[in-house]
Amino acid sequence: MAHSKDYKDSQLYRIRHSTSHVMAEAVVEKFPAAKVAIGPAIDDGFYYDFDLPRALTPEDLVEIEARMHQLIKSKEAFKYEEISAADAKKLFKDQPYKLELIEGLEQGGVDEDGNPSEEKAPISIYKSGGFTDLCRGPHVKNTSEINPQAVKLLNIAGAYWRGDEKRPMLQRIYGTAWETKEQLDEYLWKLEEAKRRDHRKIGKELDLFSTNEEVGSGLVLWHPNGAMIRHQIERYWDDQHMANGYDFVYTPHIGKASLWETSGHLGFYAENMYAPISIEEQDYYLKPMNCPFHLHIYKSSLRSYRDLPLRFAEKGTVYRYERSGVMHGLMRVRGFTQDDAHHFCREDQMPDEIDFVLDFSMKMLKAFGFKEINAYLSTKPEKSVGDPAMWKAAEHALEDTLKRMGVPYEVDAGGGAFYGPKIDLKVNDALGREWQLSTIQFDFNEPERFNLTYIGEDGQEHRPYMVHRALLGSMERFFGVLIEHYAGAFPAWLAPKQAIVIPIADRHNDYAYQVAKQLKENGLRVSVNASSDRMNAKIRNAQNEKVPYMLVIGDREMEAAQVALRRRNGESLPAMSVADFLVLAKKEIEEKI
RNA sequence: GCCCACAUAGCUCAGUCGGUAGAGCGCGUUCUUGGUAAGAACGAGGUCAUGGGUUCGAAUCCCAUUGUGGGCUCCA
């Protein structure tokens with residue numbers, strides 16, 4: 001992840017980078033045979049990669065951390081020195097990874113982390129205590145600037161040397177460092193909170209979804225509660241699309257090999273596709289994307305410039321091969337449903353079309369409670385297909401729209417796909433974490449490959465612009481993000497169970513069922529807890545289920561034909577009539593709060 | 001796919017030195033009818049992920065497979 005310049009210049013960055021050196025010192029002290037790789041500061045801390053004679057254990061981490069505290073307290077100075085490549089090679093003669101880095105520095109074009117760098121930097125080393133590292137810095141002057149109370153080692157992980165799976169697997173130790181203990185505690189609290197909100201944990205607790213060993217890894221089973229939430233999401237999605245000029249389409253899950261040859265997927269996407277299914281000596285492939293089908297719908301009749309723009313939308317389920325180690329709950333799966341759409345338009349319509357799709361995306365995301373949305377604009381890479389003039393026009397349209405709408409954005413120059421520029425939208429969740437959801441991508445490849453045309457005003461054939469977009473991304477990932485954002489306490493419009501009626505004693509059951517019936521007739525998702533539990537237990541269960549509205553019914557309510565509302569947040573309202581509760585609930589559901 | 005770790009009741013977990021299993025929650029039955037986060041008793045529930053090996057004997061040791069977790073790489 002790219003760090004801002006501010007961060008790289010900050011004291012915090014120096015503290016973290018220096019702490020990683022202290023950690024390396026402690027590790028090398030413990031394992032004199034250790035080969036050290038690289039150890040940079042990262043977003044919330046630092047890491048260092050080592051090649052060690054044995055696998056590290058959590059106990060090693062405790063020991064290393066304790067030694068680090070001692071080293072920090074011994075007030076080691078960080079001493080900077082520039083040396084020649086020859087001296088550096090001599091100094092690091094037993095450190096193959098460092099030697100490789102020195103080679104790179106000598107040739108220029110890479111920095112000491114092995115990343116591309118424009119200037120040819122001098123070779124420099126930092127000495128601190130008994131540890132000398134090839135390093136550009138910057139560092140703190142002395143470990144006295146590091147607060148040992150604000151340093152913590154977090155976990156051990158495997159990592160390839162230079163991220164290349166063909167190179168040796170190293171052991172990486174992640175740690176974090178802050179200026180004060182309070183900051184560390186806050187960070188650790190955030191990690192704990194992230195664990196509490198983990199969609200896999202909440203998914204089990206609220207019975208939302210599961211995966212199953214026999215079904216297969218990365219294949220999601222949506223349980224009734226999760227499916228109800230998805231259904232509500234989709235209902236809203238359908239309504240919005242219908243009201244905004246989209247046409248719904250449905251397409252099959254497999255298509256013939258020739259389709260994927262035409263689209264180019266067998267050329268550039270084959271490693272993500274499943275092996276073909278052979279039917280009557282024809283190969284069929286499970287679809288990894290919906291676009292080729294939508295393109296054929298476009299092509300199914302002659303299109304006039306008057307027909308455009310066309311917007312084909314489909315919640316299309318796709319299957320992509322993911323390597324076995326990368327699956328993660330709902331966030332990374334092998335089968336998922338994209339909320340997909342393809343826009344086809346004329347060049348003169350393109351700016352408006354982009355305006356529309358960005359505005360529409362933002363409105364959708366905001367409806368789901370995401371207030372902060374950041375955009376990332378990716379432009380033409382070196383290798384690309386399509387007319388450079390079309391690229392320029394598309395990039396301008398994207399950027400102009402972002403500016404006009406005042407959406408904060410970053411430009412990733414050359415970061416686009418080979419077939420077109422794109423805007424990705426990322427939201428910040430309740431914990432401030434960023435998630436990519438929407439993607440809006442031009443495609444100059446497939447319209448060519450499928451020879452899409454429309455008849456223009458001039459009677460000639462023209463190539464339409466095509467935009468591929470997914471707003472929520474995939475239903476699976478979006479649901480995962482939503483679970484973590486709300487920590488399972490879904491707003492009433494999404495909650496699988498919106499209200500629960502809690503009779504205090506058996507004699508209130510009949511009235512409770514009457515109330516529930518009335519609510520159901522008004523469209524609420526409601527149930528009655530008529531078990532022999534005490535009221536306290538019923539409330540506790542409803543709280544744990546995160547039901548937004550609890551309607552307690554006892555003698556008083558029954559007599560007055562009322563309900564006593566307790567909200568999920570613990571707030572108790574004075575008893576009200578069922579009609580009044582309906583007004584209140586319907587308003588909140590309508591407003592999606 | 002790779003490195004490391006893990007897999008015991010529906011869930012969360014305990015199980016010592018290798019001697020064929022336990023708790024809490026949940027579930028069922030009964031009693032209890034209680035006013036805003038757990039009333040009580042009793043009961044049912046496990047081929048210890050799967051397959052193989054070592055051993056007189058395996059939840060426990062070894063190997064493989066599947067799945068899960070933390071990462072790397074990749075990504076909606």
Side-chain angles (χ1 to χ4, degrees), chain A residues 47 49 51-52 54-58 154-174 195 198 200-201 204-205 207 210-219 269 271-272 288-290 316-318 320-340 424 435-439 441 468-481 502-509 530-545 550-557 564-568 570-573 575:
Chain A
Y47 67 80
D49 288 346
D51 194 344
L52 300 173
R54 66 166 172 85
L56 289 166
T57 65
L154 298 173
N155 47 6
I156 308 161
Y160 298 110
W161 168 233
R162 291 193 160 177
D164 183 344
E165 62 185 288
K166 294 185 186 66
R167 321 233 23 204
M169 178 64 77
L170 306 173
Q171 295 191 65
R172 174 172 296 179
I173 303 177
Y174 281 97
K195 263 189 211 168
D198 191 313
R200 295 166 297 185
K201 183 174 181 286
K204 210 178 274 184
E205 286 166 359
D207 197 12
S210 65
T211 55
N212 177 280
E213 193 171 332
E214 191 176 14
V215 173
S217 182
L219 303 170
Y269 208 73
E271 73 274 14
N272 288 297
M289 294 189 193
N290 303 300
T317 303
V318 297
R320 299 184 185 172
Y321 167 71
E322 296 286 356
R323 306 215 279 178
S324 55
V326 307
M327 258 74 74
H328 181 89
L330 294 173
M331 304 296 190
R332 193 74 184 275
V333 293
R334 283 179 171 160
F336 57 96
T337 301
Q338 292 182 306
D339 66 317
D340 212 353
D424 290 330
W435 301 96
Q436 186 190 327
L437 298 176
S438 313
T439 185
Q441 306 184 341
H468 170 116
R469 51 112 277 204
L471 300 190
L472 309 179
S474 79
M475 299 313 294
E476 285 74 10
R477 172 183 284 180
F478 185 72
F479 188 35
V481 172
I502 297 177
I504 290 173
D506 286 354
R507 63 178 177 282
H508 310 123
N509 285 0
S531 75
S532 65
D533 280 343
R534 299 183 55 187
M535 182 203 63
N536 278 338
K538 292 179 183 179
I539 286 175
R540 185 168 190 276
N541 288 336
Q543 286 287 152
N544 288 337
E545 276 184 71
M550 288 160 247
L551 303 174
V552 178
I553 282 172
D555 290 336
R556 295 200 294 269
E557 287 74 18
L565 171 61
R566 179 197 159 100
R567 289 177 181 277
R568 183 167 55 187
E571 183 193 356
S572 288
L573 274 70

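Chain naming here is simple, since letters A, B, ... match the order of the sequence lines and numbering starts at 1 in each. Predicted model, so just to flag it, every value in this text is computed and none were measured.
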Report which part of the nucleic acid [X] touches: base, sugar-phosphate, or nothing (heavy-atom distance under 4.0 Å, all strands).
{"X": "A:Lys204", "value": "sugar-phosphate"}
{"X": "A:Thr57", "value": "nothing"}
{"X": "A:Asp555", "value": "base"}
{"X": "A:Tyr174", "value": "sugar-phosphate"}
{"X": "A:His328", "value": "sugar-phosphate"}
{"X": "A:Glu557", "value": "base"}
{"X": "A:Ser572", "value": "base"}
{"X": "A:Asn272", "value": "nothing"}
{"X": "A:Asn155", "value": "sugar-phosphate"}
{"X": "A:Arg556", "value": "base"}
{"X": "A:Glu271", "value": "nothing"}
{"X": "A:Arg566", "value": "base"}
{"X": "A:Val333", "value": "base"}
{"X": "A:Ala542", "value": "nothing"}

Ignoring the backbone of [X], work out which of [options] is nearest its side chain.
{"X": "A:Glu322", "options": "B:C74, B:A37, B:G39", "result": "B:C74"}
{"X": "A:Met535", "options": "B:U36, B:U66, B:G70", "result": "B:U36"}
{"X": "A:Arg477", "options": "B:G39, B:U73, B:A76", "result": "B:A76"}
{"X": "A:Tyr321", "options": "B:G1, B:G39, B:C72", "result": "B:G1"}
{"X": "A:Arg534", "options": "B:G39, B:G67, B:A37", "result": "B:G39"}
{"X": "A:Ala505", "options": "B:C3, B:C72, B:U33", "result": "B:U33"}
{"X": "A:Ile504", "options": "B:C2, B:G35, B:U36", "result": "B:G35"}

Q) When the nearest nucleotide of RNA chain B is assigned to A:Asn536 and to A:Gln441 on a heavy-atom basis, which residue is associated with the more 5' position? A)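 Per heavy-atom nearest nucleotide, the more 5' residue is A:Asn536.
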
Q.
Need to verify one output field. Residue with the more 5' nearest nucleotide on RNA chain B, A:Gly329 or A:Gly554?
A.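 Looking at the nearest nucleotide for each, A:Gly554 comes out on the 5' side.
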
Integer angstrom distance from the [atom1] of [N] to that of [M]:
{"N": "B:U36", "M": "B:G24", "atom1": "P", "answer": "28 Å"}
{"N": "B:C3", "M": "B:G43", "atom1": "P", "answer": "50 Å"}
{"N": "B:G51", "M": "B:G67", "atom1": "C1'", "answer": "15 Å"}
{"N": "B:C25", "M": "B:C62", "atom1": "C1'", "answer": "36 Å"}
{"N": "B:G28", "M": "B:G45", "atom1": "C1'", "answer": "10 Å"}
{"N": "B:G15", "M": "B:C74", "atom1": "P", "answer": "40 Å"}
{"N": "B:A23", "M": "B:A64", "atom1": "C1'", "answer": "33 Å"}
{"N": "B:A58", "M": "B:A21", "atom1": "C1'", "answer": "13 Å"}

Q.
By the definition side-chain hydrogen bond (donor to acceptor under 3.5 Å, both in side chains), identify the one residue from A:Arg162, A:Arg172, A:Gln171 that meets it with A:Asp49.
A.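 By the side-chain hydrogen bond (donor to acceptor under 3.5 Å, both in side chains) criterion, A:Asp49 pairs with just one of A:Arg162, A:Arg172, A:Gln171: A:Arg172.
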
Q: Please say which of A:Lys195, A:Arg200, A:Lys201 ends up in a salt bridge (Lys or Arg N to Asp or Glu O under 4.0 Å) with A:Asp198.
A: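 With A:Asp198 as partner, A:Lys195, A:Arg200, A:Lys201 yield a single salt bridge (Lys or Arg N to Asp or Glu O under 4.0 Å), made by A:Arg200.
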
Phosphate OP1/OP2 of [N]: any [X] side-chain N/O under 4.0 Å:
{"X": "A:Arg507", "N": "B:G34", "answer": "yes"}
{"X": "A:Ser532", "N": "B:U32", "answer": "no"}
{"X": "A:Arg334", "N": "B:C74", "answer": "no"}

